[in-house]
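One structure is given here, and the rest of the page talks about it.
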Amino acid sequence: MLHVLRDAEGRLLSLHREPVPGGEALPPDHPEVVAFLGQDRDQQRFAALDADLVRVLEDLIDALIRLNLINITDLPPVALATLFYRKHFGEGMQAHALSLFGAPAHQPGDAGSSQGAPAGSTWGDGILPPDLPR
């Protein structure tokens with residue numbers, strides 16, 4: 001749920017993630033919230049499909065590499081850099097995530113890991129584009 005404040009005429013004034021005094025809770029797909037953000041429902045659905053497709057392609061590339069059908073170095077440099085960036089960004093996001101089921105199986109920098117990649121990762125082979133932090 002999102003929390004909104006309205007002006008005297010009832011129009012949305014501001015949008016908040018946390019409850020605010022005098023605020024009203026609305027779902028993210030509420031027509032007023034969507035209009036306030038300048039998006040229509042079709043744009044939201046298309047963006048969600050794009051995000052899902054990216055995850056499918058990442059999984060497909062991981063599977064092809066794991067099965068030795070392609071090498072990571074077969075990818076064009078721009079694709080390689082983008083995939084490494086997304087992979088490392090995602091790992092960083094997971095490092096800050098709330099662990100509801102105990103300690104994670106891997107912590108960056110653990111003994112036995114390669115370049116901070118999880119065990120079994122197809123990305124931990126030490127090949128990083130030069131513009132990414134090591």
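When all heavy atoms of H30 and L26 are compared, the pair lying nearest together is CD2-CD2, 3.8 Å. The two residues L13 and F36 make their nearest non-hydrogen contact at O-CZ, 3.7 Å.
In terms of hydrophobic clustering, with Ile, Leu, Val, Met, Phe, Trp and Tyr side chains grouped at heavy-atom distances under 4.5 Å, L69 and I72 are assigned to a common cluster. V56 and I61 are members of different hydrophobic clusters when ILVMFWY side chains are connected at heavy-atom separations under 4.5 Å. A continuous path of ILVMFWY side-chain contacts below 4.5 Å connects L60 to L75, so both sit in one hydrophobic cluster. In this structure, L49 is not a member of the same hydrophobic cluster as L53, with clusters built from ILVMFWY side-chain heavy atoms closer than 4.5 Å. Residues F46 and L57 fall into different hydrophobic clusters, defined by Ile, Leu, Val, Met, Phe, Trp and Tyr side chains chained together at heavy-atom separations under 4.5 Å.
For the salt bridge (charged side-chain N to carboxylate O under 4.0 Å, His left out) condition, the pairs that include at least one residue of residues 16-35, sequence neighbours left out, are R6-E24, R6-E32.
Evaluated for a side-chain contact (heavy atoms from CB on, under 4.5 Å) with L15, the options V20, L5, V4 yield exactly one hit, V4.
Here H88 contributes atom NE2 and L83 contributes atom CG; the two are 10.5 Å apart, rounded to the nearest 0.5 Å. Separation of atoms CG (L37) and CG (L2) is listed at 8.0 Å; rounding is to 0.5 Å.
For the pair N71 and I65, the minimum side-chain heavy-atom distance is 4.5 Å or more. At a threshold of 4.5 Å between non-hydrogen side-chain atoms, the residues D50 and V54 do not count as touching.
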